[in-house]
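In listed order, ligands and their atoms are each counted from 1. Only a predicted model underlies this, so the values are computations on that prediction, with no experimental measurement involved. One is the number of the first residue; the rest follow in order along the sequence.
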Amino acid sequence: MLKGKHIVLGITGGIAAYKSAMLLRLLIKAGAEVQVVMTPAAKEFITPVTMSALSGKPVVSEFFTANTGEWHSHVDMGMWADLMIIAPATASTIAKMATGVADNMLVTTYLSAKEHVMIAPAMDLDMWAHPSTQRNILTLESDGVEVIYPGAGELASHLVGKGRMEEPENILKAVEAFFQRESLSNLRSESLKGKKVLITAGPTHEKIDPVRYIGNSSSGKMGFEIAAAFARRGAEVTLVAGPVSLPTPEGNIRRIDVESALEMHHAALKAFDDASIAVFTAAVADYRPSESFSSKIKREKDEVPVIHLVKNPDIARDCGSRKTPRQFLVGFALETDHELENAASKLERKNLDMVVLNSLRDPGAGFRTATNKITLITEDAVVSFPLKSKKEVAEDIAEAVCAAICGKPADN
Ligand code: PMT
């Protein structure tokens with residue numbers, strides 16, 4: 001399971017240090033190559049000789065070996081390692097990690113680590129529950145460190161968790177789970193490599209005058225999560241975004257900001273021919289004022305202004321009418337009634353391959369929420385999903401598209 005994996009095992013000065021010998025044995029037995037790094041205090045609890053005999057490598061503890069002057073490079077260790085795990089992690093080491101106090105080899109190694117880092121805290125219960133420790137734990141988590149909570153298997157809340165270190169068998173399970181997740185995400189990151197994906201997101205604003213517009217409540221969140229999900233799969237994403245206040249997700253994403261439906265139509269159609277996949281998440285205004293006033297409309301005493309509307313172009317339908325067999329198009333349907341019927345009719349009318357139905361009748365679905373509840377409709381299947389975070393929904397959509405395009409003709 002861990003064959004060929006390089007792991008740095010950090011050990012700090014706590015009574016649970018004796019358990020790290022068992023953890024080391026389990027890691028070695030599972031096939032990992034392990035480099036042990038100990039803090040000076042750890043050596044009071046377990047000898048480096050034991051750990052070096054078990055790992056088959058000299059233990060690193062100081063910045064250099066006193067008698068030979070050999071320098072131990074924490075940077076090289078970071079390059080070598082696939083994972084760093086600190087078990088036990090004492091309150092003191094956790095505090096140093098959270099604040100960057102690099103006064104020993106272990107924390108220095110942590111600060112230059114490029115690999116995933118896990119810690120298994122171990123301390124007295126009062127120290128664990130202290131706000132200062134809990135703050136440091138939260139800081140480490142927000143820095144991306146994975147915390148194996150004491151007694152995590154049994155207790156829902158880490159605040160009431162015991163301070164005792166998690167058992168070595170469970171730490172091994174967490175390590176194996178990490179490598180499993182990593183290999184899945186490596187597989188996923190290749191699945192759409194080089195494919196060009198067009199995504200529309202957010203609302204459009206149709207100007208009435210310099211201070212007023214016709215718009216809707218779309219935040220752009222759903223579309224931005226979809227852009228991120230496709231980028232994670234190696235796709236080259238063009239994200240045509242209406243007026244939203246969201247940062248561009250990480251990855252290979254070219255963002256084009258637009259205001260109105262006409263601008264979105266222009267940008268989307270320009271990118272469409274090159275795209276293998278298009279996902280129309282935007283809530284595009286169906287109508288715009290027939291004229292937009294160049295100065296603010298003044299309030300007249302008795303007169304109520306009448307705004308004449310004209311139809312906006314339908315971006316999804318216009319792309320659908322130009323679709324070639326190598327392209328896969330996904331539209332959204334935001335419905336309030338006769339949901340399935342209305343959504344299915346969009347599949348045909350707009351010449352789409354898949355429609356993502358979300359209904360405003362479902363609590364937690366639709367505009368602005370962090371969650372959504374969708375049904376995926378294709379020509380021959382209707383699949384409903386439970387309420388999930390928009391990130392998870394985006395993953396489901398990207399997975400469904402990946403599965404569907406397996407049989408499509410390849411790009412030239
Ligand atoms: O942005 P969030 O706050 O996260 O909210 C997400 C969302 C609710 C906006 C999203 O999940 C969603 O449902 N988007 C589509 C909203 C919509 O306008 O649905 P529609 O049923 O009116 O349009 C059908 C499809 O045609 C959509 O793919 C739409 O992008 C597209 N369309 C519609 C009109 C138009 N002029 N051009 C289009 O491309």
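A donor-acceptor pair under 3.5 Å is absent between the side-chain atoms of Lys323 and the main chain of Leu329, judged by distance alone.
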Start with the C-alpha distance between Val107 and Val101, add both sets of side-chain angles, then the distance that settles side-chain contact (heavy atoms from CB on, under 4.5 Å), and finish with yes or no. CA-CA 7 Å; Val107 181; Val101 178; 5.6 Å; no
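Using a 4.0 Å cut-off to heavy atoms of Ala282, the atoms of ligand 1 that qualify are 15 (C), 16 (C), 18 (O), 29 (C), 30 (O). The atoms of ligand 1 that sit less than 4.0 Å from any heavy atom of Phe280 are 27 (C), 28 (O), 30 (O). For ligand 1, the atoms lying closer than 4.0 Å to a non-hydrogen atom of Gly331 are 28 (O).
Of all the heavy atoms of Lys350, the ones lying under 4.0 Å from any atom of ligand 1 belong exclusively to the side chain. At a 4.0 Å heavy-atom cut-off, ligand 1 touches Asp286 through the side chain alone. With a 4.0 Å cut-off on non-hydrogen atoms, Pro313 touches ligand 1 through its backbone and not its side chain.
The heavy atom nearest to atom 10 (C) of ligand 1, out of those in Val393, Val355, Leu334, Asn358, is found in Asn358.
Annotation: Ser217 places no N or O atom under 3.5 Å from an N or O atom of ligand 1; distance criterion only.
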Listing, residues 6-27 side-chain donor-acceptor contacts under 3.5 Å, not counting sequence neighbours, or none:
{"from": "His6", "atom 1": "ND1", "to": "Trp80", "atom 2": "O", "distance (Å)": "3.0"}
{"from": "His6", "atom 1": "ND1", "to": "Trp80", "atom 2": "NE1", "distance (Å)": "3.0"}
{"from": "Thr12", "atom 1": "OG1", "to": "Pro88", "atom 2": "O", "distance (Å)": "2.6"}
{"from": "Thr12", "atom 1": "OG1", "to": "Thr90", "atom 2": "N", "distance (Å)": "3.2"}
{"from": "Lys19", "atom 1": "NZ", "to": "Met165", "atom 2": "O", "distance (Å)": "3.4"}
{"from": "Lys19", "atom 1": "NZ", "to": "Glu167", "atom 2": "OE2", "distance (Å)": "3.3"}
{"from": "Ser20", "atom 1": "OG", "to": "Ala17", "atom 2": "O", "distance (Å)": "2.3"}

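His265 pairs by the ring pair (Phe, Tyr, Trp, His ring centres under 6.0 Å) definition with nothing, not counting sequence neighbours.
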